[in-house]
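Since the structure comes first, as structure tokens, the remarks are kept for the end.
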Amino acid sequence: MMLLSVLLVLVLSAYSPEQIFLYPPMPAHNSHQTAINSPHDNAKACNLFNGTWVRDFGGPIYTNTTCPTIPEARNCAKYGKQMDYVNWMWKPHGCAMEKFEPHLFLTIVRGKTLAFAGDSIARNQMESLLCLLSQKFYQIAVIKDLDTTLQAFPVEDSQRQINGTVVEEHDIHLDKLDPRLATNLHQINILVISTSRWFFRRNYLYEGEELIGCIYCSEDNITSFSVPMAIQRVFRTALKNLKESQECRLQLTVVRTATSAHFENGLWNTGGSCNRTEPLREEAMIDQTEWAIRNAQVEEADRTKKNNGKGGVKIEIIDITKAMSMRPDAHPGIHWNNQWMRGYSDCSHWCLPGPIDMWNELLLAVLNKYKNSLEDQ
Ligand SMILES: *[C@@H]1O[C@H](CO)[C@@H](O)[C@H](O)[C@H]1NC(C)=O
Ligand SMILES: *[C@@H]1O[C@H](CO)[C@@H](O)[C@H](O)[C@H]1NC(C)=O
Ligand SMILES: *[C@@H]1O[C@H](CO)[C@@H](O)[C@H](O)[C@H]1NC(C)=O
Ligand SMILES: *[C@@H]1O[C@H](CO)[C@@H](O)[C@H](O)[C@H]1NC(C)=O
Ligand SMILES: *[C@@H]1O[C@H](CO)[C@@H](O)[C@H](O)[C@H]1NC(C)=O
């Protein structure tokens, strides 16, 4: 619901570790992506993405009073949500997760530009990162959030017009990188990309200007693509283009896998809600479509990695699909400032602080792996 199409770019710019810039907006309207990744030093013995949530009463490293940038819509505590959902820690099988270390993070990204491209869930991760970095010791010199509404695809898309009226259908060009992303790539060193909810609507897919299929259409003469199939094609193209992009500074692309919404007893607009108060156990069901999308993302990231010779942009994955499928308790639900949508639950985004902070612990683990190989720019 209300997954605004936003290409959000966070730039941790780099003159000093104390400076954070939110990257300027791209002119038009689209984009997308994710990034994912794996481990650091104990990487061999440990799959950071396979584990369970265990009790941890240590408390989050920030609160709604210590994080000055916490968005109203994610400040669930303020709107009455019981905060037990912060008392869980992700525990990968066979190893421990490192807690987020703001200083380490800022040291690694120093001199680099980190960007998140995607929809409002990607933005949610960026918001979490800003809060994690907002502890009192780290004064944030500059924050500029110059985002604009963008369409959330990694590849070029345009909204269809019928008789001059924009309709909720899109033409997606699988072989062209989103122009806004392409235009700004020259300034980005580390890019976190994800998929978006925007695929879940009627879309027409093109390759080399040829219509090759569509999603959610039932036109006899057009090949029908499932959402995961379409996302697979999009990722293949986007990752290949990113990997091969020559004249840019991009050094690392991180694919963040899909994350499920947890509406129960209805959809977002038919009274669905999410009022569970505990994580689900590991064997809990993962939404099959979400899992298929995650598999497509992992496959394409692996494929691009394999085809990667020595050089080229590195690809990593942050595979949060399984972990987050277990956290129906950590969405805002009815606890947000939904004046214009009174009574509707938000079971897609994640409360801050909350388990989405773990995505940035994983991001740090990934970055830490490259800490000596990311060149200064
Ligand atoms: C995750 O861990 C469980 C328990 O150790 C194991 O049964 C399962 O195969 C693992 N899954 C993956 C994808 O590694
Ligand atoms: C922070 O959350 C508490 C509930 O834990 C709430 O009472 C308070 O109003 C919130 N403060 C801010 C600044 O959001
Ligand atoms: C477009 O406009 C024309 C003329 O007003 C109308 O006859 C036609 O049905 C419209 N087509 C669609 C798809 O709305
Ligand atoms: C598919 O069939 C419809 C109706 O016959 C036609 O208008 C449309 O142009 C056809 N599309 C393609 C790609 O052939
Ligand atoms: C949770 O929501 C359902 C409706 O979806 C409602 O019937 C139930 O009473 C709610 N439970 C709590 C504890 O609020």
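All ligand and atom numbering here is 1-based and tracks the order in the structure. The figures that follow rest on heavy atoms only: side chains count, while hydrogens, waters and symmetry mates do not.
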>> If we count only N and O atoms by modelled type, under 3.5 Å, do the side chains of Asp329 and Thr277 hold a donor and an acceptor together?
In response: no

>> Please compare Gln82, Lys81, Met83, Lys78 and report which has the shortest non-hydrogen distance to atom 6 (C) of ligand 2.
In response: Lys78

>> Looking only at protein heavy atoms, which one is nearest to atom 2 (O) of ligand 2, and what is the separation?
In response: Asn64 ND2, 2.3 Å

> Polar-atom distance check: Thr65 versus ligand 2, any N or O pair below 3.5 Å?
Replying inline: no

> Is Arg55 paired with Asp84 through a side-chain N to carboxylate O contact shorter than 4.0 Å?
Replying inline: yes

>> Does atom NZ (Lys91) have a neighbourhood of more than 12 heavy atoms from anything else shown, all under 6.0 Å?
In response: yes

>> Return the closest protein heavy atom for atom 5 (O) of ligand 1 as residue, atom name and distance.
In response: His93 CD2, 3.8 Å

> Judged by modelled atom types alone, do His262 and His331 share a side-chain donor-acceptor pair under 3.5 Å?
Replying inline: yes

>> Quick check on Ile334: does its CD1 atom have over 12 non-hydrogen neighbours (other residues, nucleotides or ligands) under 6.0 Å away?
In response: no

> Which of the atoms in ligand 2, numbered in the order shown and given with their element, are less than 4.0 Å from a heavy-atom of Ala77?
Replying inline: 2 (O), 4 (C), 5 (O)

>> Heavy-atom distances under 4.0 Å decide this one: backbone, side chain, both or neither, for Asn75 against ligand 2?
In response: side chain

> Is there any N or O on Asn50 that sits under 3.5 Å from an N or O of ligand 1?
Replying inline: yes

> side-chain contact (heavy atoms from CB on, under 4.5 Å) with Trp350: which of Glu127, Arg74, Arg327, Gln125?
Replying inline: Arg327

>> Less than 4.0 Å from atom 9 (O) of ligand 1, is there any heavy atom belonging to the protein?
In response: no

